[in-house]
Amino acid sequence: MKRAIIERIAPLVPHPDTWLPPDHDDPVLQVIPLEMANKIRRIQTLLGRPDAGWIIARSYAREEIMPPAWFKEQTIRRTIKLLMGKENNAVLMEAIALSGEMAAGARNLIHALLLNDGCDYDEISRISGIS
């Protein structure tokens with residue numbers, strides 16, 4: 001996800017347990033107003049995580065709200081709907097299943113295949129058995 005999009009959506013991510021905790025703060029965050037510090041924490045959390053889209057989706061789904069209309073990331077919007085029980089999507093359900101503890105082996109295999117220059121998505125799907 002592009003940095004500009006993350007910086008724009010991060011302050012609106014509703015659930016605080018997805019932000020960096022205050023013990024990771026730069027000292028400057030301890031002296032600025034709390035609301036501003038929280039916005040910065042959310043941006044830092046999302047910029048530092050490759051799974052920023054999942055964090056956004058889980059947070060919005062937990063609150064049972066959709067992101068603002070300007071947020072056009074359709075995969076994340078569909079994931080929010082899936083997590084809220086408003087949409088069925090087998091491919092997203094497989095992807096969510098990969099995030100669980102029981103799927104560490106499959107997740108590691110897919111990660112290795114993604115890093116392999118010789119594998120395209122079709123080949124990864126065939127090898128892993130995951131669409």
Side-chain angles (χ1 to χ4, degrees):
M1 190 177 316
K2 293 180 182 174
R3 182 185 180 101
I5 294 172
I6 286 177
E7 287 178 350
R8 193 165 173 208
I9 193 72
L12 306 175
V13 174
H15 207 275
D17 71 359
T18 58
W19 315 340
L20 285 176
D23 60 319
H24 286 85
D25 277 349
D26 182 304
V28 82
L29 292 180
Q30 297 170 2
V31 297
I32 63 174
L34 181 62
E35 185 177 340
M36 184 183 295
N38 284 339
K39 286 181 182 180
I40 293 170
R41 280 189 196 101
R42 286 176 270 187
I43 292 169
Q44 287 177 336
T45 300
L46 295 177
L47 286 175
R49 298 283 303 266
D51 59 346
W54 291 111
I55 293 171
I56 293 167
R58 279 193 305 261
S59 184
Y60 274 94
R62 186 179 292 127
E63 300 292 324
E64 295 191 8
I65 57 175
M66 292 301 291
W70 59 259
F71 185 68
K72 303 292 185 192
E73 301 284 333
Q74 290 305 312
T75 303
I76 295 173
R77 294 181 85 79
R78 286 194 309 266
T79 302
I80 294 168
K81 287 179 184 177
L82 175 79
L83 293 172
M84 288 172 33
K86 295 182 178 183
E87 184 173 302
N88 289 325
N89 184 318
V91 174
L92 283 175
M93 289 172 68
E94 284 182 349
I96 291 169
L98 281 173
S99 67
E101 287 182 33
M102 299 298 289
R107 192 170 51 249
N108 291 338
L109 170 66
I110 291 170
H111 186 237
L113 292 170
L114 285 168
L115 294 174
N116 180 350
D117 287 339
C119 283
D120 61 13
Y121 293 139
D122 291 334
E123 183 72 5
I124 292 170
S125 178
R126 187 188 63 72
I127 292 170
S128 67
I130 297 173
S131 52

Roughly how far, to the nearest 0.5 Å, is the CD1 atom of Ile6 from the CD1 atom of Ile55? 9.0 Å
Rounded distance (nearest 0.5 Å) linking atom CH2 of Trp70 with atom CG of Leu12: 5.5 Å
For Tyr60 and Ile76, run side-chain contact (heavy atoms from CB on, under 4.5 Å): C-alpha distance rounded to whole Å, both residues' side-chain angles, the deciding distance at 0.1 Å, then the answer. CA-CA 10 Å; Tyr60 274 94; Ile76 295 173; over 6 Å; no
Looking at Glu64, I want to see if its CD is surrounded by more than 12 non-hydrogen atoms of other residues, nucleotides or ligands under 6.0 Å. no
Decide if atom CE of Met36 counts as having more than 12 heavy atoms of other residues, nucleotides or ligands within a radius under 6.0 Å. no
For Ile80, run the side chain to side chain contact (heavy atoms under 4.5 Å, CB included) check against Arg58, Arg62, Met66 and tell me which one passes. Met66
Polar side-chain atom of Lys72 near backbone of Ala69 as donor-acceptor pair, under 3.5 Å: yes
In Å and rounded to the nearest 0.5 Å, what is the NE2 to CD1 distance from His15 to Ile65? 10.5 Å
From Ile43 atom CD1 to Arg3 atom CZ, the distance as rounded to the nearest 0.5 Å: 8.5 Å
I need the Met84 CE to Glu63 CD distance, nearest 0.5 Å. 11.0 Å
Looking only at non-hydrogen atoms, find the nearest pair between Lys39 and Pro11 and report the distance. CG-CB, 3.9 Å
Once you round to the nearest 0.5 Å, how far does OG1 of Thr45 lie from CD1 of Ile40? 11.5 Å
